[in-house]
> 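This is the structure I have questions about; it appears just below.
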2 protein chains.
Amino acid sequence: MTAMQQAYNVYEDRCPTRLVLDRLADKWALLILDRLEGEPVRFNHIRRDIKGISQKVLAQTLRKLERNGLISRTIFPTVPVTVEYALTPLGRTLTDTVSALAHWAEKNMDAIFAAQRAYDETHPV
Amino acid sequence: MTAMQQAYNVYEDRCPTRLVLDRLADKWALLILDRLEGEPVRFNHIRRDIKGISQKVLAQTLRKLERNGLISRTIFPTVPVTVEYALTPLGRTLTDTVSALAHWAEKNMDAIFAAQRAYDETHPV
DNA sequence: CGGTATCCCAGGCGATACTG
DNA sequence: CAGTATCGCCTGGGATACCG
């Protein structure tokens, strides 16, 4: 029995794994965590690197990750203001797993896209 | 530079990791994949185990996972009909990572909830 | 620069009903 | 049993404007 299976056999609201997944199982959060490996990064730098994310959603996701203790937010009183985001020690313990997910995606994307084509051909509209 | 970072520096629509994450970074999908470790499982069995998922969303998510080649769907012509879901070989290559995520969540939930309380106290409404 | 505030709309989801 | 169909809400996210 896996850790998750222990968890979701418990009452819904009391399942900690579910509560944690609710907060992390989102593509922008994973992309941002991965982006923060290495040096601290500023808001607009992340925005540029992770193409397609809106300012609003980036801010929301950063706030969520900060609230969950995974990233830190440091303000430098320059003019205009500078803000740097970095992984916390807790966040750093998660990046191995996140990277593993990313590598799996890279490695298996061909199989996935092939499966999609096969599925779409055999399942008519 | 990690696998993901190589990826999102590419043009948005051409980033395969992003396309894969779009399909997998969702809590129900992860919970279902984890649930399918071990023996094949039937629709209503999953529905009972993963409390809180609606019939509609379970069906949608199963369809998505099947389309992406991660799970198989086998129909037995009993009366009434029986349908079993199981991991494919491709899906099986993903479960180690999914389990790692689940274990991380179990192990660090206390730190996460503590971080949330601390954040909420220092960030007034 | 690094955000909030406001408006607005598509679509995601739950609830309910129906079916092979 | 294992779904699909339909409806109606409601919120998540884009667009835009503004601010310390």
Side-chain angles (χ1 to χ4, degrees), chain A residues 12-13 18 21-32 35-36 39-68 71-86 119-120 122-125, chain B residues 8 12-13 18-19 21-32 35-36 39-68 71-86 119-120 122-125:
Chain A
E12 198 179 329
D13 352 30
R18 296 268 299 265
L21 276 186
D22 275 343
R23 289 156 175 75
L24 293 180
D26 122 60
K27 67 166 180 166
W28 295 125
L30 295 178
L31 288 166
I32 291 171
R35 180 63 193 81
L36 292 185
E39 299 188 338
V41 192
R42 293 166 61 181
F43 187 90
N44 279 328
H45 198 126
I46 303 177
R47 185 153 150 66
R48 272 191 302 276
D49 283 354
I50 303 188
K51 300 184 207 295
I53 193 169
S54 71
Q55 190 175 35
K56 178 179 175 179
V57 171
L58 176 55
Q60 283 174 353
T61 308
L62 287 170
R63 225 56 76 228
K64 182 171 72 175
L65 291 172
E66 187 194 359
R67 178 168 183 259
N68 289 313
I71 67 175
S72 64
R73 179 171 182 270
T74 311
I75 307 172
F76 299 94
T78 52
V79 180
V81 70
T82 300
V83 179
E84 278 187 357
Y85 293 92
Y119 182 94
D120 292 344
T122 53
H123 295 72
V125 199
Chain B
Y8 59 61
E12 197 180 331
D13 351 30
R18 296 269 299 265
L19 291 175
L21 275 187
D22 274 344
R23 289 158 175 75
L24 293 180
D26 123 59
K27 67 164 180 168
W28 295 125
L30 295 179
L31 289 166
I32 291 171
R35 178 64 192 84
L36 292 185
E39 298 188 338
V41 191
R42 294 165 60 179
F43 187 88
N44 279 329
H45 199 126
I46 303 176
R47 184 150 149 66
R48 272 191 301 275
D49 283 353
I50 303 187
K51 301 183 207 295
I53 193 170
S54 71
Q55 191 175 36
K56 179 179 174 180
V57 171
L58 176 56
Q60 283 174 353
T61 309
L62 287 170
R63 226 54 77 231
K64 182 172 72 175
L65 291 173
E66 187 194 359
R67 177 168 183 258
N68 288 315
I71 67 175
S72 63
R73 179 171 181 271
T74 311
I75 305 172
F76 299 94
T78 51
V79 180
V81 70
T82 299
V83 179
E84 278 187 356
Y85 292 93
Y119 182 94
D120 292 343
T122 54
H123 295 72
V125 202

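Every chain is numbered from 1 and lettered A, B, ... according to where its sequence line falls, protein lines coming before strand lines.
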> What is the distance, rounded to the nearest whole Å, between atom CD1 of B:Ile46 and atom P of D:dC1?
14 Å
> Can you list everything that forms a side-chain hydrogen bond (donor to acceptor under 3.5 Å, both in side chains) with A:Thr82? Sequence neighbours excluded, please.
A:Thr78
> Kindly give the atom pairs (protein nitrogen or oxygen, nucleotide nitrogen or oxygen) under 3.5 Å for nucleotides 10-13 of chain D.
from   : atom 1 : to      : atom 2 : distance (Å)
D:dG13 : N7     : A:Lys56 : NZ     : 2.9

> Less than 4.5 Å apart, any side-chain heavy atom of B:Leu65 and any of B:Leu24?
yes
> Residues two or more places apart in sequence or in another chain: which of them pass salt bridge (charged side-chain N to carboxylate O under 4.0 Å, His left out) with B:Arg67?
A:Asp120
> Is any side-chain N or O of B:Arg73 closer than 4.0 Å to OP1 or OP2 of D:dA2?
no
> Among the candidates D:dC1, D:dG3, C:dC1, find the nucleotide nearest to the side-chain atoms of B:Tyr85.
D:dG3
> Can you list everything that forms a side-chain hydrogen bond (donor to acceptor under 3.5 Å, both in side chains) with A:Arg42? Sequence neighbours excluded, please.
none
> Side chains of residues 55-64 of chain A: which donor-acceptor pairs under 3.5 Å do they make with residues two or more places apart or in other chains?
from    : atom 1 : to      : atom 2 : distance (Å)
A:Thr61 : OG1    : A:Val57 : O      : 2.7
A:Arg63 : NH1    : A:Tyr85 : OH     : 3.3
A:Lys64 : NZ     : A:Asp26 : OD2    : 2.9

> Separation of B:Asp26 atom CG from C:dG11 atom P, in whole Å?
18 Å
> Can you find a heavy atom in the side chain of B:Glu66 that is under 4.5 Å from one in the side chain of A:His123?
yes
> For B:Asp22, enumerate each residue passing the side-chain contact (heavy atoms from CB on, under 4.5 Å) test, keeping only those at least two apart in sequence or located in another chain.
A:Lys27
> Could you give the CG-to-C1' distance, from B:Leu58 to C:dA15, as a whole number of Å?
16 Å
> Over how many whole Å does the gap from B:Phe76 atom CZ to D:dC1 atom P extend?
16 Å
> Grab the CD1-C1' distance between A:Ile75 and D:dG20 for me, whole Å please.
11 Å
> How do B:Pro80 and A:Asn44 order along DNA chain C: which one's closest nucleotide is nearer the 5' end?
A:Asn44
> Nearest whole Å is fine: how far is D:dC1 P from B:Leu62 CG?
16 Å
> Quickly work out the B:Phe43 CZ to D:dT4 C1' distance and round it to whole Å.
11 Å
> Please work out if A:Arg42 contacts a base, only the sugar-phosphate, or nothing of the nucleic acid, heavy-atom cut-off 4.0 Å.
sugar-phosphate
> Given atom CD1 of A:Ile53 and atom P of C:dG3, what is their separation to the nearest angstrom?
12 Å
> Work out which heavy atom in B:Ala25 is nearest to a heavy atom in A:Leu30; give both atom names and the distance.
CB-CD1, 4.1 Å
> Answer yes or no: does a side-chain N or O of A:Arg63 lie under 4.0 Å from OP1 or OP2 of C:dG3?
yes
> Describe the nucleic acid contact of A:Val81 in one word from base, sugar-phosphate, nothing, applying a heavy-atom distance below 4.0 Å.
base
> Considering the terminal five base pairs at each end of the helix from C:dC1-D:dG20 to C:dG20-D:dC1, what angle separates the two local helix axes, rounded to 10°?
60°
> What is the minimum heavy-atom distance between B:Val81 and B:Phe76, and which atoms define it?
CG2-O, 3.5 Å
